[in-house]
Asker: 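Just passing along the structure, written as structure tokens.
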There are 4 protein chains.
Amino acid sequence: MSVETRRMTREARLPAPTRAERQRARILDAAERCFIERGFHAASMAHIAATAGMSPGLIYRYFGAKNEIVRAIVERHLETDSCPAMQRLSTGEDFCGRMLQALERWRRRDDPSMNAALILELTAEAARDPEILQIVRAKDHAVSKDLTVAVQRAAEEQGVRLSREAASVRAMVLQCLFEGLACRVVRNPNLSATVLRPLLDKVIAALLS
Amino acid sequence: MSVETRRMTREARLPAPTRAERQRARILDAAERCFIERGFHAASMAHIAATAGMSPGLIYRYFGAKNEIVRAIVERHLETDSCPAMQRLSTGEDFCGRMLQALERWRRRDDPSMNAALILELTAEAARDPEILQIVRAKDHAVSKDLTVAVQRAAEEQGVRLSREAASVRAMVLQCLFEGLACRVVRNPNLSATVLRPLLDKVIAALLS
Amino acid sequence: MSVETRRMTREARLPAPTRAERQRARILDAAERCFIERGFHAASMAHIAATAGMSPGLIYRYFGAKNEIVRAIVERHLETDSCPAMQRLSTGEDFCGRMLQALERWRRRDDPSMNAALILELTAEAARDPEILQIVRAKDHAVSKDLTVAVQRAAEEQGVRLSREAASVRAMVLQCLFEGLACRVVRNPNLSATVLRPLLDKVIAALLS
Amino acid sequence: MSVETRRMTREARLPAPTRAERQRARILDAAERCFIERGFHAASMAHIAATAGMSPGLIYRYFGAKNEIVRAIVERHLETDSCPAMQRLSTGEDFCGRMLQALERWRRRDDPSMNAALILELTAEAARDPEILQIVRAKDHAVSKDLTVAVQRAAEEQGVRLSREAASVRAMVLQCLFEGLACRVVRNPNLSATVLRPLLDKVIAALLS
DNA sequence: AATGAATGAGGGTTCATTCAT
DNA sequence: TATGAATGAACCCTCATTCAT
């Protein structure tokens, strides 16, 4: 399916975004960049406004408070970034390849929607803010379920039957590896997908057997 | 070597801490607790001072600015907490047991020196603050080296020869698992060491083969 | 003269209000309710606009600034509300009954045109804003004159001749009682017209003798 | 008793105010002046701070929020200004003289502690802010009780027995007159104590008979 | 005539930092 | 050495006002 076709299909399905929705998106885009650059607390509303190219007051027409922006960013990030990267594991089989894809995007650091620092910040914030925690855990739970099914399926393809419980633990370890990679990206500049791949393949094979 | 002997030896080697050193430690202890509770930015100097049982002004006799406290906390945390947990892997062989030990301490949340949120906060901060990044990477590098050797030794015990490169990649994956667990502790309340153990054992065995 | 006749007469005399006048009235009605609920400063233009069922921008076609609305409200309130209550004293004779009527309407708090808080707010504002002060004093002066005449007439009915000066002082005291009641309504929830009536009658009788 | 003696006695009884108490008083003095000049809402913290000769931040060492200052001012004003003016009525007998004394101080407008605008503002605010209302009503209740007793005593001196209920209604009317005078001070520049006195005397005599 | 999005100054408040004591 | 009062810049947020549509 060509890009054009997809876009048309999408436009046919999704109504054109209202001005308000576009403004919200504009603000969230700016906020995301600011949060990545400075973190949730150090990024000021003035900074976000400047990045979005609007006045500080205008933001409050679309978000009641800075908190709400943080919440929306967390939600959107979990919806579109790290979690889908995990959830897509369920559709395909190549767990390893997907992980290393994420790794590459993290390393390039040019893609604000796929940012290791944001995952860490967001998780750290969840450890303190109950509202954020709830969002994070809800999404995490959903991902876990999908991933569990994916693990079951992948194991079955290799002739192994896994109970839901067994598969669920394996999913947990996969998530550990995934999030651990986000930490590694920040901490270790020598990280290389090509070097990592064979070993990761082996580990994942062990997981599924 | 008994604990007592070690302490004596240590005291014999290390000179008694000066008053200034003791004050610095007192401040850092307080700061650590505050940072865990609220994060680097939300923890105020006044709060740290109150926790340390001293006046805000006095802190500035020992640290030039809040930044320096953050830096010192990061340094100390890497020195005494998460990294040693990794480095101790090098002395023993039971990688899995050590990891789950850390997991348990993270889950209890009563141990300020072993706190998942702080690891995440600190790593997120490193992604933004070059000075922190430098500290984190330097320490990480040291840990990697030690862990690489430990992996080589552990493999050898199982009759497997690993090149330094091969061992180093395995060390990387171990670190991923370790840091990934820190994320999991925050994100998933169902995490259980006993359920995790057999699988983790298997994965690590695969790593070392 | 029946109410109907009066209205007709009035309509016959007054030209039909222009659209602009109707819009101004709509805005003032809304502003009055907002000012009563929140006070001059806490009531926002957005709130007034919403109450009036129009956009904030439109208000500025009819009033140059919020200040002008306040001024207009003060003017209108003095024109139609508390002052007439005093002025009507001049037409009738039952000073006491009229006062207690006002009291009852104040206590019910459902009548925006007769609101104790607004009288207080307005008088307090007059103490600060020279423009408001001028309006208030001008109207007060007019009321005083009318009331003085009414007092003279009422005294005469009881066979007492009062000079203009003497009557004017009595009018002042009547105004004191009236405005004092407005304070009492707010400050004392036990206030009751029936309990007050006999005493008020006595006081007023003393005034007129 | 000379002023000196009184001061000594006072110093013997009251401990010297702490620095904190002095600062609070300094802030309240400044706030009072600002509130009189601009009203509770229009007076900004920056303005209060400037008037008090200190930085805005410092105020928050002594008051948690602007609200608390407003509350404290209301409390203090009721404690030391208008209410005592009423309560002192209970000790003496010259109701009329005391009222006109208050009137004179209001008219001079040089005494910030005896300001008609503040009474109005405060009562208007009570109509909206439940916290203020509670303070005002509590104090009003106390004054009413004292005044009721004073009225009973004053009547008795003139050979009239008044039940508590009867006296209480008379107290109410006295309060009306008193607060009504505060309104008059603002609204009518011609107000004169000497002109008012004979009539006020007469009214009060009627009240007590 | 009417909208409501947009502005930006200014509000209350916090907090890292300094300094007189 | 130690205090904690004091500062003032910067924070988040509100709102009177303007203006493109």
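In what follows, every heavy atom counts, from backbone to side chain, and hydrogens, waters and symmetry copies are set aside. To find a chain, count down the sequence lines: A is the first, B the second, and so on, and within it residues start at 1.
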Asker: With sequence neighbours left out, what residues match C/R137 under side-chain contact (heavy atoms from CB on, under 4.5 Å)?
Answerer: C/L133, D/P189
Asker: Please list, chain by chain and in numerical order, all residues satisfying side-chain contact (heavy atoms from CB on, under 4.5 Å) with B/A116, sequence neighbours excluded.
Answerer: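 Testing B/A116 for side-chain contact (heavy atoms from CB on, under 4.5 Å), a comparison that skips the adjacent residues, returns B/W106, B/A182, B/V185, B/V186.
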Asker: Among residues 61-73 of chain A, which residues get a heavy atom nearer than 4.0 Å to DNA chain F?
Answerer: A/A65, A/K66
Asker: Under the rule for salt bridge (charged side-chain N to carboxylate O under 4.0 Å, His left out), what residues qualify as partners of C/D129, not counting sequence neighbours?
Answerer: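 None.
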Asker: Which residues, if any, of residues 40-56 of chain B bring a heavy atom under 4.0 Å of DNA chain F?
Answerer: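 B/M54, B/S55, B/P56 - these, ordered by number, are the residues of the stretch whose heavy atoms sit under 4.0 Å from the strand.
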Asker: Below 4.5 Å, heavy atoms only, C-beta onward: do B/I27 and B/M54 meet side chain to side chain?
Answerer: yes
Asker: Is atom CD of D/Q134 surrounded by more than 12 heavy atoms (other residues, nucleotides or ligands) closer than 6.0 Å?
Answerer: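 Counting other residues, nucleotides and ligands, CD of D/Q134 stays at 12 neighbours or fewer.
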Asker: To the nearest Å, give me how far apart CD1 (A/I59) and P (F/dC15) are.
Answerer: 17 Å
Asker: Taking only residues at least two apart or on different chains, which pairs with a member in residues 49-72 of chain C satisfy salt bridge (Lys or Arg N to Asp or Glu O under 4.0 Å)?
Answerer: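 Residue pairs passing salt bridge (Lys or Arg N to Asp or Glu O under 4.0 Å), neighbours aside: C/R71-C/E131.
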Asker: With sequence neighbours excluded, tell me which residues meet side chain to side chain donor-acceptor pair (under 3.5 Å) with B/R24.
Answerer: none
Asker: May I have the step-by-step check of side chain to side chain contact (heavy atoms under 4.5 Å, CB included) for C/N115 and C/E37, ending in yes or no?
Answerer: CA-CA 10 Å; C/N115 187 279; C/E37 266 175 39; over 6 Å; no
Asker: Looking at residues at least two apart in the chain, or sitting in another chain, which of them share a side-chain contact (heavy atoms from CB on, under 4.5 Å) with D/R22?
Answerer: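 Only D/P17, D/R19 meet the side-chain contact (heavy atoms from CB on, under 4.5 Å) criterion with D/R22.
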Asker: Checking C/E21 side chain against C/T18 main chain: does a donor-acceptor pair fall under 3.5 Å?
Answerer: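 At least one qualifying donor-acceptor pair exists.
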Asker: According to ring pair (Phe, Tyr, Trp, His ring centres under 6.0 Å), does anything in residues 38-69 of chain A pair up with another residue at least two apart or in another chain? List the pairs.
Answerer: A/F35-A/F40
Asker: Between A/Y60 and F/dT14, does any side-chain N or O lie under 4.0 Å from OP1 or OP2?
Answerer: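 No, A/Y60 has no side-chain N/O under 4.0 Å of OP1/OP2 on F/dT14.
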Asker: Just how far, in rounded Å, is C1' of F/dT3 from CG of B/L58?
Answerer: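 To the nearest whole Å, that distance equals 8 Å.
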Asker: For DNA chain F, just give me the dot-bracket, please: Watson-Crick or G-U, both distances below 3.5 Å, ( ) intra-strand, [ ] crossing earlier pairs, | paired with another strand, . unpaired.
Answerer: .||||||||||||||||||||
Asker: If you round to the nearest 0.5 Å, how far is CD1 of C/I73 from CD1 of C/I132?
Answerer: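 Answer rounded to 0.5 Å: 10.5 Å.
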Asker: Mind running a 4.0 Å heavy-atom check of residues 18-29 of chain D against DNA chain F and sending the residues that fall below it, in number order?
Answerer: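 Nucleic-acid contacts, sorted: D/R19, D/Q23.
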Asker: Return the set of residues passing side chain to side chain donor-acceptor pair (under 3.5 Å) with B/R26 (not counting sequence neighbours), or none when no residue passes.
Answerer: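 Counting only residues at least two positions away or on another chain, B/R26 forms a side chain to side chain donor-acceptor pair (under 3.5 Å) with B/Q23.
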